[in-house]
Amino acid sequence: METVTSRDGTTIAFDRYGDGPPVVLVGGAFQHRWIDHGTARLAELLAAAGLSALHYDRRGRGDSGDTPPYAVEREIEDLDALIEAAGGTAILYGMSSGSALALRAAATGRPVTRVAVYEPPFRSGDRGDAAAAVIAAAREGRRDDAVSGFMRLTGMPDAMIDQARQGPGWAALEAVAPTLAYDLTILGDSGVPADLLAEVKVPVLAVDGGASPPWAAEAVTAVAAGVVDGRRETLPGQTHAVDPEVLAPALITFFTSDRPGSGRAAENAR
């Protein structure tokens with residue numbers, strides 16, 4: 001494990017894999033190094049392809065610290081510190097809500113050379129009250145309410161939530177429940193952030209799974225069309241819980257190609 005210190009003094013922990021062009025892996029809700037074996041495997045596959053992968057714990061999770069009050073800019077500054085540790089420039093890969101953070105960082109003109117995202121949860125419909133309830137529960141320490149409320153936001157039925165609550169992994173989810181407020185703050189109203197996307201000038205690959213719900217395809221289509229240089233790709237048979245063995249080849253091709261994008265229309269229909 002290595003650490004960096006963010007601008008506000010928060011310690012951010014990460015594992016570094018390989019030696020090559022650096023890729024910072026930005027996790028989504030709940031994800032961190034202690035429990036996120038899928039991203040660790042993705043890091044291994046990227047390293048085997050000649051890249052360097054930085055798998056980090058977002059603030060408030062795992063071995064990373066946290067310093068209140070929260071602001072999205074603090075998480076972007078965490079990425080600044082990681083990018084500096086990587087050598088001054090980096091590729092960003094964002095998973096789910098981590099996609100929104102990666103895109104926000106790229107939109108601010110950070111030294112990011114390209115961005116890949118997997119199923120950013122940009123969805124139409126009014127979820128404001130439900131999201132506000134999860135944020136309140138997370139901030140007030142009602143961890144069970146925060147976790148279960150967040151799962152309902154993702155569309156998980158109550159029966160599945162109750163089943164998960166009885167499982168051995170529930171305590172690990174509750175441990176990072178306060179950070180669910182961070183993910184929902186980054187997502188805002190959960191709609192497609194058209195103005196932000198228009199500010200992303202670097203090549204972007206937006207990926208979804210062929211077995212995911214329709215919102216995922218709609219989201220990646222909107223991202224690929226909304227950035228200056230975007231393309232999209234669908235991985236047949238994959239869901240939101242993507243298999244790193246299937247995802248890695250698509251990312252490696254994009255990260256290592258000389259010209260990964262070709263404008264707004266590039267492969268938007270793919």
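The first residue of the sequence shown is numbered 1, and numbering continues consecutively from there.
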Taking Arg231 for the side chain and Phe254 for the main chain, is one N or O donor matched with an acceptor at less than 3.5 Å? no

If you measure from CZ on Phe122 to OG on Ser99, what distance do you get to the nearest 0.5 Å? 7.0 Å

More than 12 heavy atoms of other residues, nucleotides or ligands under 6.0 Å from CD of Glu84: is that the case? no

Note: Ala131 and Leu184 closest approach over all heavy atoms is O-CD1, 3.7 Å

Would you say the side-chain atoms of Ser64 pair up with the backbone N or O of Ala13, donor to acceptor, closer than 3.5 Å? yes

What's the verdict on side-chain contact (heavy atoms from CB on, under 4.5 Å) for Asp145 and Glu140, showing C-alpha distance, side-chain angles and the deciding distance? CA-CA 10 Å; Asp145 291 343; Glu140 294 166 8; over 6 Å; no

Heavy-atom donor-acceptor pair, Glu119 side chain to Gly209 backbone, under 3.5 Å: yes

Donor-acceptor pair, distance only, cut-off 3.5 Å: does the side chain of Glu218 make one with the backbone of Arg123? no

State whether a side-chain donor-acceptor pair under 3.5 Å links Thr11 with Thr3. no

With side-chain contact (heavy atoms from CB on, under 4.5 Å) as the test, would you mind laying out the steps for Arg165 and Asp144 before giving the verdict? CA-CA 9 Å; Arg165 185 182 281 111; Asp144 184 281; 2.9 Å; yes

About how many Å separate OG1 of Thr185 and CG of Leu101, when rounded to the nearest 0.5 Å? 12.0 Å

Other residues, nucleotides, ligands: >12 heavy atoms within 6.0 Å of Met160 CE: no

Distance in Å, Ile35 CD1 paired with Leu173 CG, rounded so as to fall on 0.5 Å steps: 6.0 Å

Just to verify, which of Arg59, Arg7, Arg58 counts as forming a salt bridge (Lys or Arg N to Asp or Glu O under 4.0 Å) with Asp78? Arg59

In terms of hydrophobic clustering (I, L, V, M, F, W, Y; side-chain heavy atoms under 4.5 Å; direct or indirect links), are Trp215 and Leu187 co-clustered? no

Strictly distance-based, threshold 3.5 Å: is any side-chain N or O of Thr253 a donor or acceptor partner for the main-chain N or O of Ala250? no

Counting heavy atoms not belonging to Asp19, are there more than 12 under 6.0 Å from its CG? no

About how many Å separate CG of Asp15 and OG1 of Thr39, when rounded to the nearest 0.5 Å? 11.5 Å

Treat each ILVMFWY residue as a node, draw an edge where side-chain heavy atoms are under 4.5 Å apart, and state whether Tyr17 and Tyr56 are in one component. no

Specify the closest pair of heavy atoms between Arg232 and Thr234, including all atoms of both residues, with the distance to one decimal. NH2-OG1, 2.6 Å

Between Glu174 and Pro178, which heavy-atom pair has the shortest distance, and what is it? O-CD, 4.1 Å

Just wondering, do Val112 and Leu79 contact through their side chains at under 4.5 Å, heavy atoms? no

Which atom pair, heavy atoms only, marks the closest approach of Ser97 to Pro121? N-CD, 3.6 Å

Between the side chains of Arg16 and Ser52, does any donor sit under 3.5 Å from an acceptor? no

Are any side-chain N or O atoms of Ser212 and backbone N or O atoms of His240, one a donor and one an acceptor, separated by less than 3.5 Å? yes

Heavy-atom side-chain proximity of His55 to Asp36 below 4.5 angstrom: yes

CZ-CG distance between Arg74 and Asp66, expressed to the nearest 0.5 angstrom: 11.5 Å

Taking side chain as C-beta onward, heavy atoms only, is Arg139 less than 4.5 Å from Pro68? no

Would you sort out whether Arg41 and Glu245 count as a salt bridge (charged side-chain N to carboxylate O under 4.0 Å, His left out), showing the intermediate values? CA-CA 8 Å; Arg41 177 57 181 156; Glu245 307 285 344; 2.7 Å; yes

Please answer: with hydrophobic residues joined when any side-chain heavy atoms are less than 4.5 Å apart, are Leu51 and Leu45 in the same cluster? no

Within the 4.5 Å heavy-atom criterion, are Arg104 and Glu75 side-chain neighbours or not? no

Thr10/Thr67 under side-chain hydrogen bond (donor to acceptor under 3.5 Å, both in side chains): CA gap, chis, key distance, verdict: CA-CA 6 Å; Thr10 301; Thr67 305; 2.6 Å; yes

Walk me through it: do Trp34 and Asp63 pass the test side-chain contact (heavy atoms from CB on, under 4.5 Å)? CA-CA 8 Å; Trp34 295 359; Asp63 290 309; 3.1 Å; yes

Rounded distance (nearest 0.5 Å) linking atom CD of Gln31 with atom OG of Ser96: 7.5 Å

Step by step, would you call Glu73 with Arg110 a salt bridge (charged side-chain N to carboxylate O under 4.0 Å, His left out)? CA-CA 12 Å; Glu73 184 63 23; Arg110 258 64 180 192; 3.0 Å; yes

Below 4.5 Å, heavy atoms only, C-beta onward: do Ile91 and Leu251 meet side chain to side chain? no

Is the number of heavy atoms from other residues, nucleotides or ligands within 6.0 Å of CD (Glu2) greater than 12? yes

Is it possible for you to say whether Val220 and Val115 belong to one hydrophobic cluster, with membership spreading through side-chain heavy-atom contacts below 4.5 Å? no

Is the gap between the ring centers of Phe30 and Phe150 under 6.0 Å? yes

Say whether Leu82 and Val202 are linked into one hydrophobic cluster, either directly or through other cluster members, by side-chain heavy-atom distances under 4.5 angstrom. yes

Do you know which two heavy atoms are closest between Ala177 and Ala146, and how far apart they sit? CB-CB, 4.2 Å

Within a 6.0 Å radius of atom CG on Asp162, are there more than 12 heavy atoms belonging to other residues, nucleotides or ligands? yes

Quick one: does Val200's side chain get under 4.5 Å of Val228's, heavy atoms only? no

Where Ala53 and Leu25 come nearest, the two heavy atoms and their spacing: CB-CD1, 4.2 Å

Evaluate Tyr118 against Leu42 for side-chain contact (heavy atoms from CB on, under 4.5 Å), listing each step before the verdict. CA-CA 13 Å; Tyr118 189 83; Leu42 177 63; over 6 Å; no

